[in-house]
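Okay, structure first, notes after.
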Amino acid sequence: MRTVWAMAIKDLLLLWRDRFGVFWVLVFPLMFALLFGSIFSGGGGGGGGNAMRVIVVDLDNSDASRALAQNLDNSDAVAVTSERDGVVFDEVSAREAVRVPGEVSYLAYVVIPEGYADTRPAFIPGGDAATLRVGIDPARQAEAGFLQGVLIEATMQESMTRLQDPAFTNEIIDESLATLEAADNVDPATDFALRAFLGAARSLAGTFQVPGETADTEDAPTDGIGQSFQPVNIETEAVTRDTTGRPISAFEVSFPQGMLWGLLGCVAGFSVSLVKERTDGTYLRLRVAPQTRAHIIAGKALACFLTCLLVIATLTLVAVMFFGVRITSPAGLATGVFATSWCFTGLMMFISTLGRTERAVGGAGWAALMPLAIIGGGTVPLFFMPDWLRSLASISPMKWAILALEGGIWRAFGPADFALPVTVLLGVGVLGFALAVMMLKRVEI
C-alpha cells in the first residue's frame, strides 16, 4: 500500500506543477458554475431579466383596477401576470403558486379587492383608501419593502389619473359642498373662502395633468400623520415558500454542473498522463522496478480519485460560503461524492487504454465524454429537458453523477432515492476498471 500511495503522490505533484492542468481541473469548473449561475438567475442579462414576477388577482375588474395593474406592470422592477396556462389566477391558486415554485417562480401576489374603483385615496377629503393584500415570503424582507414602494407609486399614478376625470372631481366637490352646508360652526370668512376654492376647483375639473414622475416612494411617510398621504393601504400576508426538492437559486443548479466539468478535466488529464508515461518510457521503468502492474494502476487510480474529491470539495465549499447553496443531505452528498469519484476514476482508466498516443487518447476521450456530458445535463439542466431526452440521458453516467450531487444539495434525496444513481455510478466504475485491466495488457505489447 505504501507503494501505491507513493505513486499517487507522484501523480498529484505532477498535476500541481502543470498550471494548465490545474486550470481545467479547478479554475474552469468554478468559472463555468459562476457564469451559468449568473445567466440562469438573470445576472448575465439586462433590462427585465431581474424583474420581480408578481401575480395580480383583480377581484374588482374595473377600469381603475386594470389601470393599477398596468401601472404596476409598467415598472421596470416588476413583471405582472394574472393567468397561467390560460387559467386566470384566483386568490387561492395565486397563494399556492407563490408558496410552491414551479417552472416559473413568483415573488408575490397582489389582490385588488372588490370595490376598489369606489374607494378614494386618503389624501382626498372623505377618502376611504382601499386595502391591497400582498402575499410574500417573510424571508424576502428586502423585496417586500421594494414591492410596497412600487405599489404605492402605481396607486398614486392611478389616483392622479382619476383626478383628471371631471365626473370624479365634481363628485368630490359636491360632497365637500354638502358637508359645508351641513356644518353650523363655520365662520363666514372661512365659509366664503371654501366656497370660492371649491368653485374654482369645479371650473378646473378635468384640466389637471398627471406629472411625468411621482415623488420617491421610498421616502414617503408610512405612519403617524404621514399615513394620510398614502394612496392605499397595504396588508401583507406571510407565504412561506416550500423549497423542498427545488433549487432556491440558479447556483444550486450550476455548481453540480461545474463539478461535472471538473471531473471531466480529471479524466482527460490523468488518462493522457498514463499514456505519456508509456510513450516516455516511464511506465516501462516502473514495470522493471519492483512494482507490479496492479501497483501502477492503483497508484494512478488513487491520484485521480483524490483529485476528484478535491474538485468537488472545493466547489462545494465555495458554493456554500459565498452563494448560499444548501446541503440538504450531508450524508447523502458524501455518498454521492464517493460514488461519483469512483465512477470517473474507472472511466479515466478505461479511456487511457483507447490509444497508444496522447493525441489518440485525448481525442477518443473527449469524443466519448462530450456527448455524454451534453445529454446528461452538463449544459442544459435535467429538469429543463423534454421527457424523451431525459429518458435518453439515462445512458449517460453524467446524468447519474449530477443526480447524486443534486440529491445531497437541493433535491433532499433519502436513502431510497440515492440507491439507483449510486448503484449505477459504482457499477460504471467497476466496469471501467475491468475493461482497463484487460485492455492495458493489449496496449503494452
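The residues of the chain are indexed from 1 along the displayed sequence.
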Indicate yes or no for a side-chain donor-acceptor contact from [X] to the backbone of [Y] under 3.5 Å, with no hydrogens or angles considered.
{"X": "Thr328", "Y": "Ile409", "value": "yes"}
{"X": "Arg390", "Y": "Met385", "value": "yes"}
{"X": "Ser271", "Y": "Ser352", "value": "no"}
{"X": "Asp73", "Y": "Val80", "value": "yes"}
{"X": "Asp11", "Y": "Ala8", "value": "no"}

Mind checking whether [X] and [Y] have parallel, tilted or perpendicular rings, split at 30° and 60°?
{"X": "Phe413", "Y": "Phe418", "result": "perpendicular"}
{"X": "Phe338", "Y": "Trp342", "result": "parallel"}
{"X": "Trp24", "Y": "Phe20", "result": "perpendicular"}

Specify the closest pair of heavy atoms between Gly135 and Val98, including all atoms of both residues, with the distance to one decimal.
O-CG1, 4.3 Å
Minimum heavy-atom separation for Tyr116 to Ala130, with atom names?
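Where Tyr116 meets Ala130 most closely, the heavy atoms are CD1-CB, 3.5 Å.
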For the rings on Phe255 and Phe323, is their centre-to-centre separation under 6.0 Å?
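Yes, they do, as the ring centres are separated by less than 6.0 Å.
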Compile the donor-acceptor pairs under 3.5 Å between side chains in residues 367-377 and protein atoms, sequence neighbours left out, one pair per line.
none

Quick check: are there more than 12 heavy atoms from other residues, nucleotides or ligands sitting under 6.0 Å from CD of Glu96?
yes
Is any side-chain N of the basic residue among Arg133 and Glu237 closer than 4.0 Å to the acidic one's carboxylate O?
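Answer for the salt bridge query: no.
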Could you tell me whether Lys276 and Glu358 have a side-chain N and a carboxylate O separated by less than 4.0 Å?
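No, this pair does not count.
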Excluding sequence neighbours, so at least two apart, what forms side chain to side chain contact (heavy atoms under 4.5 Å, CB included) with Val424?
Trp400, Leu420, Val428
Indicate every side-chain donor-acceptor pair of residues 303-321 with a distance under 3.5 Å to a residue at least two apart or in another chain.
from, atom 1, to, atom 2, distance (Å)
Thr307, OG1, Ala303, O, 2.8
Thr314, OG1, Leu310, O, 2.8
Thr316, OG1, Ile312, O, 2.7

